[in-house]
Amino acid sequence: MNIILIDDDCLVSQALKIILEASGSFHIIATGSDGKDAVVLYREHRPDILLMDIRMKEMNGLDAAGLILSEFPEAKILLLTTFSDDEYIVKALKLGAKGYLLKQDYQSLLPALKAVSNGQTVFGSEIMEKIPNLLQTQNTFDYSTYEINDRELEIIKLIAEGYSNREIAQTLFLSEGTVRNYLSSILDKLDLRDRTQVAVFYYQHR
């Protein structure tokens, strides 16, 4: 799997390169030190995944992600940072980044990259815990365009709040099997792969 790595700390870049390539699953095809490098290198190499820091001097990772995704909507961008800044998290969600991990959560990096390569969306546990409180606004997105009914929307909201299938069943007085059926329908209608993507879709459209 080909990866472009962007970080303004050369020691971090070197360490990540060693860790990723030692796994045998990843090949770092290019590195850069700011968002401008990311845009240029992405256009040149079209990597499987762009792994990028956020706070950088010339152009930050969020601005670079916005430019890249506007040109390449299919781009898989995983943001890796030391900051769980609320504004950053919200912007990353709305941009359509495939993930947002804290550097100190390095043990999750390899599984996260594999998940992103399979089309999943990955946010670290600390980040997911913060998301519901960051986006407490009225939902104005029209789910009817996806043929999502009122019951399915209720389930989407509960998934976004972190409820398990059992908890959803208890809350809505349904069987777990019925909840699973609703979830399968939701995933099919929204063209999503898993519960995490459902939660991210919900928050992206608030």
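Side chains included, hydrogens not; waters and symmetry mates left out as well; all remaining heavy atoms used.
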Grab the two heavy atoms, one from Ile49 and one from Leu113, that are nearest each other, plus how far apart they are. CD1-O, 3.3 Å

Could I get the full list of salt bridge (charged side-chain N to carboxylate O under 4.0 Å, His left out) partners for Glu167, not counting sequence neighbours? none

Between the main-chain N or O of Val116 and the side-chain N or O of Lys98, is there a donor-acceptor pair closer than 3.5 Å? no

Min side-chain heavy-atom separation Ser25-Met1 under 4.5 Å: no

So, do Tyr163 and Gln170 sit near enough that their side-chain heavy atoms are less than 4.5 Å apart? no

Testing Arg195, Arg180, Glu176 for side-chain hydrogen bond (donor to acceptor under 3.5 Å, both in side chains) with Asn165, which one passes? Arg195

So Arg151 and Leu172, side chain to side chain contact (heavy atoms under 4.5 Å, CB included) or not? Walk me through it. CA-CA 9 Å; Arg151 177 63 85 186; Leu172 299 180; 3.6 Å; yes

Atom CG of Leu5 and atom CG of Leu20: how far apart are they, to the nearest 0.5 Å? 7.0 Å

Return yes if a side-chain donor-acceptor contact under 3.5 Å exists between Thr196 and Gln120, otherwise no. no

Test item: Asp8 side-chain N/O and Ser33 main-chain N/O as donor-acceptor pair under 3.5 Å: no

NZ/NE/NH1/NH2 to OD/OE distance under 4.0 Å, Lys157 and Glu161: no

Would you say Ile77 and Ile68 make side-chain contact, with heavy atoms under 4.5 Å? yes

Answer yes or no: is there a side-chain heavy-atom contact under 4.5 Å between Leu174 and Tyr182? yes

Between Glu147 and Lys189 (salt bridge meaning N to carboxylate O under 4.0 Å), is one present in this structure? no

Check: Leu51 and Ile6 side chains under 4.5 Å, non-hydrogen atoms: no

If you round to the nearest 0.5 Å, how far is OG of Ser23 from CD1 of Ile18? 12.5 Å

Report the distance from atom OG of Ser117 to atom CG of Asp48, rounding to the nearest 0.5 Å. 8.0 Å

Heavy atoms of Leu78 and Ala112 approach each other most closely as CD2-CB, 4.3 Å

Which heavy atom in Leu16 sits nearest to a heavy atom in Leu80, and how many Å separate them? CD1-CD2, 3.8 Å

Pairwise side-chain contact, Ile168 with Ile159, heavy-atom cut-off 4.5 Å (strictly under): yes

I would like to know whether Thr31 and Ile28 meet side chain to side chain contact (heavy atoms under 4.5 Å, CB included); could you show each step before the answer? CA-CA 7 Å; Thr31 60; Ile28 306 301; 3.7 Å; yes

With sequence neighbours left out, write down each residue that passes salt bridge (charged side-chain N to carboxylate O under 4.0 Å, His left out) with Lys76, or none if nothing qualifies. none

Minimum heavy-atom distance between Leu79 and Ala97, given as atom pair plus value: CD1-CB, 4.0 Å

Could you tell me how the ring of Tyr42 sits relative to the ring of Phe72: parallel (under 30°), tilted (30 to 60°) or perpendicular (over 60°)? tilted

Decide, yes or no, whether a salt bridge links Lys91 with Asp63 under the criterion of side-chain N to carboxylate O below 4.0 Å. yes

Closest approach of Ala30 and Leu41, non-hydrogen atoms and distance? CB-CD2, 4.0 Å

Can you tell me how far the CG atom of Asp34 sits from the CE atom of Met52, to the nearest 0.5 Å? 10.5 Å

Within the distance-only criterion (no hydrogens, no angle test), does the side chain of Glu152 pair as donor or acceptor with the backbone N or O of Asn149 below 3.5 angstrom? yes

Roughly how far, to the nearest 0.5 Å, is CZ of Arg55 from CG of Leu62? 10.5 Å

Verdict with reasoning, Thr121 to Phe201, per side chain to side chain contact (heavy atoms under 4.5 Å, CB included): CA-CA 10 Å; Thr121 305; Phe201 183 95; over 6 Å; no

Identify the two heavy atoms, one from Ala64 and one from Ala38, that lie closest to each other, and give their separation to 0.1 Å. CB-CB, 4.3 Å

To the nearest 0.5 Å, what is the distance between CG on Asn181 and OG on Ser175? 7.5 Å

Side chains of Met56 and Asp53 in contact at under 4.5 Å (non-hydrogen atoms): yes

Got Ile4 and Ile29 here, is their nearest side-chain heavy-atom distance under 4.5 Å? yes

Quick check: does any side chain N or O of Glu44 sit under 3.5 Å from a backbone N or O of Val40, one acting as donor and the other as acceptor? no

Please check this pair: side chain of Asn118 against backbone of Lys114, looking for a donor-acceptor N/O pair closer than 3.5 Å. yes

Go through the steps to decide whether Ile3 and Leu50 satisfy the test side chain to side chain contact (heavy atoms under 4.5 Å, CB included), and finish with yes or no. CA-CA 6 Å; Ile3 293 178; Leu50 171 60; over 6 Å; no

